[in-house]
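Just so it is clear, the values below take in all heavy atoms, side chains as well, and ignore hydrogens, waters and symmetry mates. Counting from 1, the numbers follow the sequence of the chain as shown.
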Amino acid sequence: MIVNNSLDEVKKRESALKIIKEIINDNGRDSLYDVTGLSGGFIANDDELDLLETYVGPAIFEDELQIVGKEHLGGEKVLAVNRTSSGILASILALVNEGDHVSHFLAEFPAHPSIPRSCAIVGASYDEFVDIDKFTIPENTSLVVVTGSTMDHKVIDEELFKKVIDMAHEKDIPVLVDDASGARLRTAVFNQAKATELGADLVVTSTDKLMPGPRGGLMAGREELIDEIKVKANQFGLEAQPPLILAMVNGIKNYTEENLVKAISRKEEFYELLSEKYEMFEKTPTGVMVSEDALKNQLEKLNVKTELSKKDCCFLWAMVLLKDFGIITIPAVGMPGASATIRIDLSTQDVIDIDLNELYEKVDQSFERFLDLSQDVEKSKELIFY
Ligand SMILES: *Cc1c(COP(=O)(O)O)cnc(C)c1O
């Protein structure tokens, strides 16, 4: 095993960033293809940047965020936080006490680790469910969480979504929706309603997922709850700073459903190409992916034996994709605990117009190189901890 804990994941991420810097220095930004679906964009003009240096800026941008944020997410009030994880932590700090319980419903495991981790910090018990018949809300529950779209872009069924909200509300328990990518994926691709329209009390989305914004978290919902969460966010420094808020405003203004809709049809073509040779690819709403298990099965099918764990295999292939082909995927650059699934999102600016045969060649060649490397643990280590 090469990557065994969060520290190893941090080291692996540092390697990936180092490789990205080398590629940019040697060949420029155009030789990178970010297919993570996380753009981390920072749209701002000079006038806006000048305003950041005065006390006027925050007043203007925060006010503007209230307007565009409410259009994007609905709700009575919005709150900008540093990350989606920060919003989840602030919510749990505000609404959940020691000895309380949090029940979480999602379409498919795994859930984002920030939810159980935040529960552990306050000393609350936590349970997560993917089967509605097993879903329960014990008496000491103070918060119900619903994930709109998982890290692997598995989207919840809208009827189940409403059912969980109803079950919580029957017991007067507020519902927080982790709609990190879902706020756009569910609405643009699956024609679902906004979480707040479905009755959720709180929603948090990630402003760099499937939209041209910075990494940050945007919350919306019932004003009294948002106010309580804002207090905790401020007390613990979880709130977004003015530069982030400026870029969030512009990210939301520049978001269109067009790229997502275009990616839906292109992913079919791409999936067909890949599936002529490989069994491991699955479709996502806006691209394709290979899960840890699917990669393991593909290796077995090819009779390739390796000492690497299935997670290590994902990390290794992701590092090959990055180093040799400039393709950035989440297992290479993700934060500790992020999904090891190799997802290729076709809605991102870098590949929205790319020739799919060209992209196929890169993926195919990278896989061959990964297979070679997987036979040599030392060399694999050298790449993962570059
Ligand atoms: C990405 C994601 C998060 C966390 O977002 P951060 O910006 O990393 O905090 C939480 N939940 C889900 C479902 C996600 O996809």
Query - Intermediate values then yes/no, side chain to side chain contact (heavy atoms under 4.5 Å, CB included), Asp227 and Lys77 - result: CA-CA 9 Å; Asp227 284 340; Lys77 185 169 183 176; 2.6 Å; yes
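- With Thr147 contributing its side chain and Thr150 its backbone, the two residues share no donor-acceptor pair below 3.5 Å.
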Report task. Please report the C-alpha distance between Arg266 and Glu269 in whole Å, then the side-chain angles of each, then the deciding distance to 0.1 Å, and finally whether the salt bridge (charged side-chain N to carboxylate O under 4.0 Å, His left out) criterion is met. Result -> CA-CA 5 Å; Arg266 278 177 33 106; Glu269 189 188 338; 5.8 Å; no
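- Lys171 places a side-chain N or O within donor-acceptor distance of the main-chain N or O of Ile137, the cut-off being under 3.5 Å.
- Between Glu14 and Lys11 a salt bridge is recorded (basic side-chain N to carboxylate O distance below 4.0 Å).
- Taking 4.0 Å as the cut-off between side-chain N and carboxylate O, Lys262 and Asp353 count as a salt-bridged pair.
- In terms of the ring-ring contact (aromatic ring centres under 6.0 Å, His included) criterion, Tyr386 has no residue partners (sequence neighbours excluded).
- A 4.5 Å side-chain heavy-atom check between Val122 and Asn97 finds every atom pair outside the cut-off.
- Taking 4.0 Å as the cut-off between side-chain N and carboxylate O, Lys283 and Glu268 count as a salt-bridged pair.
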Query raised in the report: Stepwise, does the side-chain hydrogen bond (donor to acceptor under 3.5 Å, both in side chains) test hold for Gln349 with Asn259?
Result: CA-CA 8 Å; Gln349 212 50 47; Asn259 282 8; 3.2 Å; yes
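- Closest of all the heavy-atom pairs between Gly217 and Thr207 is N-OG1, 4.4 Å.
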**Report entry** Chi angles and distances behind the side chain to side chain contact (heavy atoms under 4.5 Å, CB included) call for Leu295, Tyr278
**Finding:** CA-CA 10 Å; Leu295 179 54; Tyr278 298 106; over 6 Å; no
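- With rounding to the nearest 0.5 angstrom, the CG atom of Asp293 is 6.5 Å from the CG atom of Asn297.
- In plain terms, the two heavy atoms of Gly337 and Arg117 that are nearest each other are CA-NH2, 4.4 Å.
- Remark: the backbone N or O of Val96 is not paired with any side-chain donor or acceptor of Asp100 at under 3.5 angstrom.
- Between the side chain of Thr286 and the backbone N or O of Leu346 there is no donor-acceptor pair closer than 3.5 Å.
- Annotation: side chain of Leu225 is in contact with side chain of Pro174 (closest heavy-atom distance under 4.5 Å).
- Put simply, the side chain of Val102 does not reach to within 4.5 Å of the side chain of Leu176, judged on heavy atoms.
- The shortest side-chain heavy-atom distance between Val175 and Val164 does not fall under the 4.5 Å cut-off.
- In this structure, Asn140 contributes its side chain and Gly99 its backbone to a donor-acceptor pair below 3.5 Å.
- Closest of all the heavy-atom pairs between Ser374 and Val304 is OG-CG1, 4.2 Å.
- For Ala193 against Arg186, the heavy-atom pair with the smallest separation is O-NH1, 2.9 Å.
- The CG atom of Leu65 lies 10.5 Å from the CG atom of Leu246; values are rounded to the nearest 0.5 Å.
- The hydrophobic cluster containing Ile384 also contains Ile23, counting ILVMFWY residues as joined when their side-chain heavy atoms lie under 4.5 angstrom apart, directly or transitively.
- Using a 4.0 Å cut-off between charged side-chain N and carboxylate O, Lys379 and Glu382 make no salt bridge.
- Val146 has its side chain out of reach of Asp178: every pair of non-hydrogen atoms, C-beta onward, lies at least 4.5 Å apart.
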Query raised in the report: After noting the C-alpha distance and the side-chain angles of Phe105 and Phe129, does the key distance pass the ring pair (Phe, Tyr, Trp, His ring centres under 6.0 Å) rule?
Result: CA-CA 5 Å; Phe105 187 79; Phe129 304 86; 7.8 Å; no
Report task. Go through Thr341 and Ser291 one step at a time and tell me if the side-chain hydrogen bond (donor to acceptor under 3.5 Å, both in side chains) criterion holds. Result -> CA-CA 4 Å; Thr341 298; Ser291 68; 5.6 Å; no
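- Within the 4.5 Å cutoff, the side chain of Tyr126 has no heavy atoms near those of the Ser103 side chain.
- Without hydrogens or angle criteria, Glu197 side chain to Lys194 main chain gives a donor-acceptor distance under 3.5 Å.
- Salt bridge absent: Glu239 and Lys230 never bring a charged side-chain N and a carboxylate O closer than 4.0 Å.
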Query raised in the report: Does the salt bridge (charged side-chain N to carboxylate O under 4.0 Å, His left out) test come out yes or no for Glu159 and Lys163, once each step is laid out?
Result: CA-CA 6 Å; Glu159 289 309 311; Lys163 185 162 180 200; over 6 Å; no
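- Grouping the Ile, Leu, Val, Met, Phe, Trp and Tyr side chains by contacts below 4.5 angstrom, directly or via other members, places Leu38 apart from Met211.
- Surrounding CG of Asp26 are more than 12 heavy atoms belonging to other residues, nucleotides or ligands, all under 6.0 Å away.
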Report task. Carefully, step by step, assess Met289 and Ile344 under the rule side chain to side chain contact (heavy atoms under 4.5 Å, CB included). Result -> CA-CA 6 Å; Met289 68 174 197; Ile344 299 180; over 6 Å; no
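- Using modelled atom types, one side-chain atom of Asn45 and one backbone atom of Glu48 make a donor-acceptor pair closer than 3.5 Å.
- Nearest heavy-atom pair, Ser125 versus His101, reported as atom, atom and distance to 0.1 Å: OG-ND1, 2.7 Å.
- Residues satisfying the side-chain hydrogen bond (donor to acceptor under 3.5 Å, both in side chains) criterion with Thr205, sequence neighbours excluded, are Arg184.
- Of the possible donor and acceptor atoms, one in the side chain of Gln298 sits under 3.5 Å from a partner among the backbone N and O of Met280.
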Report task. Evaluate the criterion side chain to side chain contact (heavy atoms under 4.5 Å, CB included) for residue pair Met167 and Glu170; output intermediate values, then yes/no. Result -> CA-CA 5 Å; Met167 284 171 73; Glu170 262 167 37; 5.5 Å; no
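- With hydrogens and angles disregarded, no donor-acceptor distance shorter than 3.5 Å links the side chain of Asp63 to the backbone of Ala59.
- Of the residues Met219, Glu62, Gln66, the one that meets the side chain to side chain contact (heavy atoms under 4.5 Å, CB included) test with Leu79 is Met219.
- Using a cut-off of 4.0 Å between Lys/Arg side-chain N and Asp/Glu carboxylate O, Glu292 and Lys311 are scored as salt-bridged.
- Using a 4.0 Å cut-off between a side-chain N of Lys or Arg and a carboxylate O of Asp or Glu, Asp350 and Arg29 qualify as a salt bridge.
- With hydrophobic clusters built from ILVMFWY side chains whose heavy atoms lie under 4.5 angstrom apart, Leu160 does not share a cluster with Phe109.
- Between Glu128 and Leu106 the shortest heavy-atom distance is CB-CD2, 4.2 Å.
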Requested in this report: List the steps, then state whether side-chain hydrogen bond (donor to acceptor under 3.5 Å, both in side chains) holds for Asp201 with His169.
Outcome: CA-CA 10 Å; Asp201 306 274; His169 285 175; 2.7 Å; yes
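- Between Arg222 and Leu202, every side-chain heavy-atom pair lies at or beyond the 4.5 Å cut-off.
- For the pair Glu76/Ile226, no side-chain contact is recorded, criterion being any heavy-atom separation below 4.5 Å from C-beta on.
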Report all side-chain donor-acceptor pairs from residues 313-331 shorter than 3.5 Å, counting only partners two or more places apart or in another chain.
unit_1 : atom_1 : unit_2 : atom_2 : d
Trp317 : NE1    : Ser366 : OG     : 2.9
Asp324 : OD2    : Arg369 : NH1    : 3.0

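- In this structure a side-chain-to-backbone donor-acceptor pair under 3.5 Å is missing from Asp152 to Lys154.
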